[in-house]
Amino acid sequence: MADAPEESIDIEALENEGDVAADYIEGLLDIADFDGDIDMDVEGDRAVVSVVGATLDELIGNEGEVLEALQELTRLAVHRSTGNRSRLMLDIGGWREGRRTELRKVGSEAAAEVKKGGEAKALEPMTPFERKVVHDAVAEAGLTSESEGEEPYRYVVVLPAD
């Protein structure tokens, strides 16, 4: 029954979220006079909207902070339109994918260090997206991890095996 959760995912609703988000982002790009093409997809249980084909560093910001803000604004626009809370992910210029690769490495290296030393290791504060990627990498390495602290200073702690 591992497929049961997949069956409950409403692909049509997620595609609608993506369409609303794409229209919202396209409007923002027009207002700001930025070029870029918008791709929409559904990955797992969330819509993913990507702005591609242009250098849009201003929309990413330092360590993705502008991207995070734009994602929240886009989620609010989707919520206003659909009445449903959105878990939509926004990516600009492939920044999130690049960050995901970096974070997988951070999680794997932290797990290796904890396996070797036998002591828990706390990592730097991260966004929810970043923590999820690290938790997944730690789990793939055969260890467990947990999030501690309060936003925006919430961080991952990699735990040694029992």
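Listed by chain and residue number, nothing satisfies the side chain to side chain donor-acceptor pair (under 3.5 Å) test with Thr144 (two or more places apart in sequence, or in another chain). For Glu148, the side chain to side chain contact (heavy atoms under 4.5 Å, CB included) criterion is met by Glu146, Tyr155, Val157, not counting sequence neighbours. With sequence neighbours excluded, no residue forms a side chain to side chain donor-acceptor pair (under 3.5 Å) with Thr74.
Grouping Ile, Leu, Val, Met, Phe, Trp and Tyr residues whose side-chain heavy atoms lie under 4.5 Å apart, directly or via other members, places Val106 in a hydrophobic cluster with Val48, Met89, Leu103, Val114, Leu123, Met126, Phe129, Val133, Val134, Val138, Leu143, Val156, Val158.
Within a 6.0 Å radius of CD in Glu151, more than 12 heavy atoms belonging to other residues, nucleotides or ligands are found.
Summarising the geometry of Val49 relative to Gly18, their closest heavy-atom pair is CG2-O, 3.8 Å, with the distance given to 0.1 Å. Closest heavy-atom contact between Leu14 and Gly44: CD1-O, 4.2 Å. For the pair Leu59 and Val66, the tightest heavy-atom approach, listed with the atom from each and the gap, is O-CG1, 3.5 Å. Between Asp136 and Lys132, the closest heavy-atom pair is OD2-NZ, 2.8 Å. Contact between Pro125 and Pro152 at its shortest, heavy atoms only, is CB-O, 4.0 Å. Smallest separation of non-hydrogen atoms from Leu88 and Ala21: CD1-CB, 3.4 Å.
A donor-acceptor contact shorter than 3.5 Å links the side chain of Ser108 to the backbone of Arg104. Between the side chain of Asp37 and the backbone N or O of Val52, no donor-acceptor pair lies under 3.5 Å.
Taking CG of Leu56 as the start and CG of Asp35 as the end, the distance is 8.0 Å to the nearest 0.5 Å. Put simply, OG1 on Thr127 and CD on Gln71 are 8.5 Å apart, with the number rounded to the nearest 0.5 Å. With rounding to the nearest 0.5 Å, the separation of CD in Glu72 from CG in Leu90 is 10.5 Å. Between the CZ atom in Arg75 and the CZ atom in Arg85 there is a gap of 7.0 Å [rounded to 0.5 Å]. Within the model, atoms CG of Asp57 and CD1 of Ile92 stand 10.0 Å from one another, a figure rounded to the nearest 0.5 Å.
A continuous path of hydrophobic side-chain contacts links Phe34 to Ile60 [ILVMFWY only; heavy atoms under 4.5 Å]. Residues Ile9 and Val78 are members of separate hydrophobic clusters, defined by side-chain heavy-atom contacts under 4.5 angstrom among Ile, Leu, Val, Met, Phe, Trp and Tyr.
Every pair passing side-chain hydrogen bond (donor to acceptor under 3.5 Å, both in side chains) that includes a residue from residues 38-47 is listed here, sequence neighbours excluded: Asp45-Arg87. Applying the side-chain hydrogen bond (donor to acceptor under 3.5 Å, both in side chains) test to pairs two or more places apart or on separate chains, those with a residue in residues 15-30 are Glu17-Ser86.
Taking the charged nitrogens against the carboxylate oxygens, Arg100 and Glu97 do have a contact shorter than 4.0 Å, which makes a salt bridge. Taking a cutoff of 4.0 Å between a charged side-chain nitrogen and a carboxylate oxygen, Glu130 and Arg96 do not qualify as a salt bridge.
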Show your reasoning for whether salt bridge (charged side-chain N to carboxylate O under 4.0 Å, His left out) applies to Lys105 and Glu102. CA-CA 5 Å; Lys105 184 177 177 186; Glu102 291 174 24; over 6 Å; no

side-chain contact (heavy atoms from CB on, under 4.5 Å) evaluation trace for Asp91 with Val51: CA-CA 6 Å; Asp91 194 6; Val51 180; over 6 Å; no

